[in-house]
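All remarks here apply to the structure that follows.
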2 protein chains.
Amino acid sequence: MKEGPDIALIGSLIGDPARANMLTTLMTGKALTASELAAEAGITAQTASSHLSKLETAGLLTQRKQGRHRYFALADDEVGNLLEAMMGLAAKRGHMRARTGPRDPALRKARVCYNHLAGDYGVRMFDSMVTRDFLAEDGEEIFLTEAGEGFVGELGIALPDLEKSRRPLCRSCLDWSERRTHLAGALGTGLLDRFYDLGWAHRIEGSRVVSFTGEGERRFRECFPEA
Amino acid sequence: MKEGPDIALIGSLIGDPARANMLTTLMTGKALTASELAAEAGITAQTASSHLSKLETAGLLTQRKQGRHRYFALADDEVGNLLEAMMGLAAKRGHMRARTGPRDPALRKARVCYNHLAGDYGVRMFDSMVTRDFLAEDGEEIFLTEAGEGFVGELGIALPDLEKSRRPLCRSCLDWSERRTHLAGALGTGLLDRFYDLGWAHRIEGSRVVSFTGEGERRFRECFPEA
DNA sequence: TTCATACTTCGATCATAACCGAAGCATGAA
DNA sequence: TTCATGCTTCGGTTATGATCGAAGTATGAA
């Protein structure tokens with residue numbers, strides 16, 4: 001009777017809270033062991049094992065054996081993008097999870113969105129680059145202008161390397177905390193990586209929070225002034 | 001313990017087969033009554049009523065009362081886009097629904113993807129326009145070239161009207177049957193609408209199939225030659 | 001070998017929610 | 001008013017699957 005792809009399968013996989021927690025945790029981009037994911041989701045190892053095997057069978061996760069550990073990660077960017085899209089829709093409709101923990105303010109300030117910068121700082125960077133005509137918008141599409149090429153070059157980004165990848169250079173991503181656009185794509189990832197290299201910021205272990213140093217914060221504000 | 005948008009809620013809503021069927025049916029873009037959706041999903045009116053109220057409460061559907069009928073439609077483009085993204089991922093992973101009905105070949109040839117043309121014809125149109133430099137690709141981003149502006153103008157598309165809308169003019173959409181890209185966005189919708197106006201094609205009632213007339217097919221092939 | 005750790009499989013329990021029959025409530029027609 | 005239609009609410013049944021304890025398998029360390 002029904003034709004077409006089975007979205008109910010994908011939906012029900014993401015629809016279980018324990019699995020949704022695991023997937024959200026993996027949005028950090030880091031591969032994690034089965035036990036770590038179990039702890040994160042608040043379930044026992046047995047239950048987690050069952051969930052993880054379902055997610056892997058369905059092709060949402062990949063698994064890498066290393067000694068007696070099994071590391072799990074999102075299968076590819078497309079899975080990450082889908083999760084982002086669902087977060088965007090959920091946030092817009094006001095479907096937030098009940099308990100907002102103590103990490104929440106830091107998370108709203110600056111966090112990783114799979115592999116690029118999100119939160120207040122992510123939006124600020126994007127706005128600043130648009131205001132100074134380094135980025136141009138056309139609906140949902142975003143391009144790096146010539147001036148922008150010079151700008152990221154001075155920051156120490158090797159554009160040719162980024163353009164080699166099959167990923168689009170610039171992509172817009174809806175920020176769930178700010179409800180505004182920030183920069184994703186290869187350039188978004190490249191910029192965040194560059195901030196790490198410059199020592200401006202580092203990741204807080206076990207969370208999506210990106211913590212800026214005092215000096216890093218100063219340089220970041222200098223580099224991306226508000227309008 | 002957990003922060004952020006509740007993707008599990010959205011996932012579980014889409015994760016029920018009956019609801020997924022209803023949502024997929026509404027991808028045609030047409031508003032349907034509760035009874036029609038119940039029949040489509042193969043459930044009784046009572047059960048459908050419960051599902052529909054959940055989907056409406058969550059903000060995935062909108063409802064319009066008209067006499068004693070209640071018409072349901074997808075809440076907005078963002079919901080449609082999410083469903084498309086899930087179909088793309090499901091198709092790529094090989095998660096297809098069991099029974100492929102008799103309408104399947106027609107569906108693969110030409111169908112509506114929420115509001116634009118998909119299937120073999122959708123992909124062909126896209127490829128043809130890229131080959132002749134009417135459309136330019138940059139990763140996932142797509143732009144209409146100057147030559148392209150002339151081309152769609154000759155077809156009778158009023159570009160300024162399309163650009164007035166808040167939707168992006170060109171957007172890429174992954175075709176689940178062809179596993180290749182076709183054209184979405186305001187221009188994608190505009191082109192399909194123009195084909196209806198020109199009498200080249202019409203929708204088959206109660207399905208996503210787009211049926212071309214003999215003459216329409218000839219004109220379409222003329223307009224979008226293969227490489 | 002022996003033991004410890006990381007993970008999976010099995011089996012049983014239990015909560016959730018999908019489902020339908022029956023009854024109720026609107027809306028429109030006669 | 002009376003009746004028919006479209007849809008919702010209520011109540012009870014049933015199936016699904018999330019969960020964990022216990023036992024089993026693989027890997028590495030002593």
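- The side chain of B:I43 lies closest to C:dC20, out of C:dC20, D:dG21, D:dT8.
- Considering only side-chain N and O atoms, B:T47 lies nowhere under 4.0 angstrom from the phosphate OP1 or OP2 of C:dC19.
- For the pair B:F72 and A:A45, both in contact range of DNA chain D, the more 5′-proximal nearest nucleotide belongs to B:F72.
- Closest approach of B:N81 to B:R171, counting heavy atoms only: OD1-NH2, 2.9 Å.
- When rounded to the nearest whole Å, the span between CZ of A:R19 and C1' of D:dT19 equals 12 Å.
- Protein atom CG of A:D16 is 12 Å distant from nucleotide atom C1' of C:dT16, rounded to whole Å.
- Toward the 5′ end of DNA chain D lies the nearest nucleotide of B:A48, the other residue of the pair A:T44 and B:A48 mapping further downstream.
- Going from atom CG of A:L13 over to atom C1' of D:dT16 covers 14 Å, rounded to whole Å.
- Note: A:F195 and A:F224 have perpendicular aromatic rings, judged against thresholds of 30 and 60 degrees for the angle between ring planes.
- Distance B:L32 CG to D:dG6 C1': 15 Å, rounded to the nearest Å.
- Considering only side-chain atoms of A:S50, the nucleotide from C:dG21, D:dT8, D:dT19 that sits closest is D:dT19.
- Between the CG atom of A:L55 and the P atom of D:dA18 there is a distance of 10 Å, given to the nearest Å.
- OP1 or OP2 of D:dT27 lies within a sub-4.0 Å distance of a side-chain N or O belonging to A:K65.
- Taking atom CD1 on A:I14 and atom C1' on D:dA18, their separation rounds to 18 Å, with Å as the unit.
- Phosphate proximity of D:dA29 to A:R68: absent, as no side-chain N or O sits under 4.0 Å from OP1 or OP2.
- Listed candidates were D:dT8, D:dT19, D:dA22. Nearest to the side chain of B:Q46 is D:dT8.
- Computed from coordinates, the B:H69 NE2 to C:dC25 C1' distance equals 17 Å when rounded to whole Å.
- Ring pair A:Y121/A:F220 is parallel by interplanar angle, where below 30° counts as parallel and above 60° as perpendicular.
- What separates CG of A:L52 from C1' of C:dA6 is a distance of 13 Å, to the nearest Å.
- Listed for the B:S12 side chain is no donor-acceptor partner under 3.5 Å among the backbone atoms of B:G15.
- Among the atoms of the strands shown, only primed sugar atoms or phosphate atoms (P, OP1, OP2) are found under 4.0 Å from some heavy atom of B:T33.
- Phosphate contact (OP1/OP2 of D:dT19, side-chain N/O of A:H51, threshold under 4.0 Å): present.
- Counting all heavy atoms, side chain and backbone alike, A:G59 lies closest to A:A75 at O-CB, 3.3 Å.
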